[in-house]
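We use all heavy atoms of the structure for the numbers below, so side chains are in, but hydrogens, waters and symmetry mates are not. When a ligand or atom number is given, it counts from 1 through the structure's own listing order.
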Amino acid sequence: MTGAYDLLLAHVREAHLLASTAALLAWDQETGMPTGAGDVRARQLELLARLQHERSTDPRVGDWLSSCEADAALLADADAAANVRELRRDHTRATRLPAALVAELAATESRAQQAWAGARAASDFAAFRPWLERMVALQQQKADCLRAADQTRWDALADLYEPGMRADDLRRVFTPLRERLVALRQRLAGGRAPDPAFARRRIDESRQEAFVRAVAAAMGFDFTRGRLDRSAHPFCTSTGGDVRLTTRFHRDNVLDALGSTMHETGHGLYEQGLEVRHLGTPLGEPVSLGIHESQSRLWENHVGRSLDFWQWCWPVAQQHLGDACDGHSAAGVFGAANRVQPSLIRVEADEATYDLHVMVRFELEQELLTGDLPLADLPARWNVLYRDYLGVAVPDDRRGCLQDVHWSCGLFGYFPTYTLGNLYAAQFAAAADRALGGLAPLLRRGEFTPLREWLREHVHRHGRRFPPAELVRRASGAALSATAFLGYLERKLGEVYGL
Ligand code: ZN
């Protein structure tokens, strides 16, 4: 019966070629496409999306899966068993949604996103409200099609991004985390804030680029299987055989360029660490958004915002950035990279307050999906949570509930994966620290290979072999918890702020 398995794998590998072709076209659209090519590019991507959808809902897939599931000899092979389990999961999800709902979601997402962009620019929530109302109704329908008997609507949607994630489980971790983060924010306000001067030095973009490329190469990003380019919003996309990273440069913020580059390179190392022989099958795919984000946050924060890293990096910075470094030091830059400033905008948030932004959205989107929060009350409720969690007053909806694109694109249940990334990153960093006899001396010498190899061995190479919760338990020795993250953050910021 392995015939069915071979046919199934050949089919999904071709679907992956279509998806990676679309990813490459989307990368080109963000990095180098001439503006006049927009129309034909939209048609190319639309065709590829249709072909991918046809493949994923092909009725033969269900037949092949049933044959595989009845084949005990096949399932005795751990690789085959994992692939069959994950492909069943994908197939169930793809076939539970009626074609009419999929089409309506796609059309509404594109129009709601345009309406959102206009409403945000004008800070006019009322203009976006009917679209959000429509989007919430469609997401409720989608959740009802997808959800298992023991899942809430929110759980069913979140499961698309973080398999197995449930609001109740998250709440048990998030509520005490939020309380400790609010307390930390209040304590830091009474501490000695570090000098941000280095972060604001004016430095040529070409110098910044040479610097961040040197750091990405030192981290072990394989430039023969990937590229680093520029885009308005940094991202990482895998195009099958190679990994495309982007970053951005501001003349007066080299730390933003470095943080963005280390973040995306962390994503890229995960993609490059997947096993090539499994390419195009679940075992060659990243397991979840939370695990993906843990890889970027680990390099961006646990490495790039540590004093040990800066002791290695400072001479590298001096070499590339020249006299912009005069009058500064590794210890000073370490402080500048760890300034905490509660703010209105999630994407500009520091390490201590970022998760509080996520908590606001976690609360609100559940209330929206259950219908407990009338749409008209969303801005006011948003502002109350910002006051309570972050201690800031929201002056208008542009800097309030209209700031993120996610809900207009139909991404409900997505935000918590950012916080999961932070928590997993801390658990992995602590486990690697124990296994490698201390990360600090390695970082001080710029020896990043042992850390990268530890991540490859314990996280990357598994692809979707284990569900995220099990992967975390195996790699870190513990279930999801905020303990490692809070310990790390309170220790580091206590040192920076002299508490
Ligand atoms: Zn990321």
(Q) By the side chain to side chain donor-acceptor pair (under 3.5 Å) test, which pairs, at least two apart or in different chains, include something from residues 17-30? (A) D28-R41

Q: Return the minimal non-hydrogen interatomic distance between T265 and A216, and the atom names on each side.
A: OG1-CB, 3.7 Å

**Q.** Shortest non-hydrogen separation from W310 to G304 and the atoms involved
**A.** NE1-O, 3.1 Å

Q | Protein-derived N, O or S atoms lying under 2.8 Å from the Zn ion (ligand 1), waters excluded | A | 3

Q | Pairs meeting criterion ring-ring contact (aromatic ring centres under 6.0 Å, His included) with involvement of residues 232-253, two or more places apart | A | none

**Q.** Summary of salt bridge (Lys or Arg N to Asp or Glu O under 4.0 Å) pairs that have at least one residue in residues 277-286, sequence neighbours excluded
**A.** D79-R277, E275-R277, E285-R464

**Q.** Main-chain N/O of A15 paired to Q52 side chain as donor or acceptor, under 3.5 Å
**A.** no

